[in-house]
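Atom set for the values below is all heavy atoms of this structure, side chains included, hydrogens, waters and symmetry mates excluded. By convention here, the first residue in the shown sequence is residue 1.
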Amino acid sequence: MSEWPREVFIDINPVVRIRYGRSELIPIRYAIVLETHVDGAWTAIRLWDNAHYAEEHHEHEYTRGSGKHDPVVRRFMSINEAMADAMKRAAQDWPAILKSWRRG
């Protein structure tokens, strides 16, 4: 993820965190990354973003063996709704996402 004017790290536990970044300018660009700490470094295990178009929201799955997968496009009424959904899913679904990443 590139450097963002607003970037926040939310520690879930010692080896899982959420990294959230967003632009200051409208249209708002955002990236929410669920990360795990492996071999001394943080690595992405799931990414939610609108990197290509402000109103096109992607969810990228990562697997340990093959890295970042093609996105699933998700539909939302607003950027705020998309960001809130991604944060909620990262915070609640992280055990299953981490397990899926490890299997892949």
Side-chain angles (χ1 to χ4, degrees):
M1 184 161 73
S2 60
E3 294 200 20
W4 298 86
R6 292 186 185 181
E7 189 170 53
V8 176
F9 296 91
I10 302 167
D11 293 328
I12 294 175
N13 65 39
V15 297
V16 177
R17 73 179 183 187
I18 298 168
R19 181 168 40 125
Y20 161 69
R22 63 162 278 187
S23 65
E24 294 286 336
L25 302 175
I26 295 177
I28 294 171
R29 301 289 185 182
Y30 70 90
I32 296 166
V33 186
L34 185 62
E35 299 177 319
T36 190
H37 198 259
V38 178
D39 298 329
W42 289 98
T43 187
I45 61 175
R46 186 69 52 100
L47 165 65
W48 296 266
D49 70 4
N50 68 341
H52 300 288
Y53 303 101
E55 298 300 328
E56 184 177 288
H57 308 284
H58 293 171
E59 181 175 351
H60 296 270
E61 179 182 1
Y62 287 71
T63 57
R64 192 173 209 164
S66 58
K68 185 177 179 183
H69 292 225
D70 289 337
V72 172
V73 177
R74 305 195 68 224
R75 305 280 179 225
F76 294 97
M77 297 298 292
S78 70
I79 294 170
N80 284 338
E81 181 186 7
M83 290 188 299
D85 181 76
M87 291 294 282
K88 180 180 176 184
R89 292 200 44 230
Q92 291 180 352
D93 298 346
W94 71 266
I97 294 169
L98 181 58
K99 187 176 183 178
S100 175
W101 175 80
R102 285 180 174 152
R103 279 194 315 257

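Here E61 contributes atom CD and H69 contributes atom NE2; the two are 5.5 Å apart, rounded to the nearest 0.5 Å. Here the straight-line distance linking atom CG of D11 with atom CD1 of I18 works out to 9.5 Å at 0.5 Å rounding. Here the CZ-CG distance, from R19 to L47, works out to 9.0 Å after rounding to the nearest 0.5 Å. To the nearest 0.5 angstrom, T63 atom OG1 is 14.0 Å from R102 atom CZ. Here the CG atom belonging to L34 is positioned 10.5 Å from the CE atom belonging to M87, to the nearest 0.5 angstrom. The distance from atom CD1 of I79 to atom CZ of R22, rounded to the nearest 0.5 Å, is 9.0 Å.
Listed for the N50 side chain is a donor-acceptor partner under 3.5 Å among the backbone atoms of I28.
Residues W94 and V8 share a single hydrophobic cluster, defined by chaining ILVMFWY side chains whose heavy atoms lie under 4.5 Å apart. In terms of hydrophobic clustering, with Ile, Leu, Val, Met, Phe, Trp and Tyr side chains grouped at heavy-atom distances under 4.5 Å, V38 and Y62 are assigned to a common cluster.
Shown here for T36 and V15, the closest heavy-atom pair between the two residues is OG1-O, 2.8 Å. When every heavy atom of A54 is checked against every heavy atom of R29, the shortest pair comes out as N-NH1, 2.8 Å. In plain terms, the two heavy atoms of E35 and A44 that are nearest each other are CG-CA, 4.2 Å. Between H37 and P14, the shortest heavy-atom contact is CB-O, 4.4 Å. Taking every heavy atom of both residues into account, I32 and M83 meet most closely at CD1-O, 3.5 Å. Residues Y30 and W48 come closest through the heavy atom pair CE1-O, 3.8 Å.
By the 4.0 Å N-to-carboxylate-O rule, D93 lies too far from R46 to be salt-bridged with it.
Within the 4.5 Å cutoff, side-chain heavy atoms of T43 are placed close to those of W101. Using a 4.5 Å heavy-atom threshold, the side chains of I10 and R17 count as separate.
Taking the six-membered ring for Trp and thresholds of 30 and 60 degrees, H57 and F76 have ring planes more than 60 degrees apart, a perpendicular arrangement.
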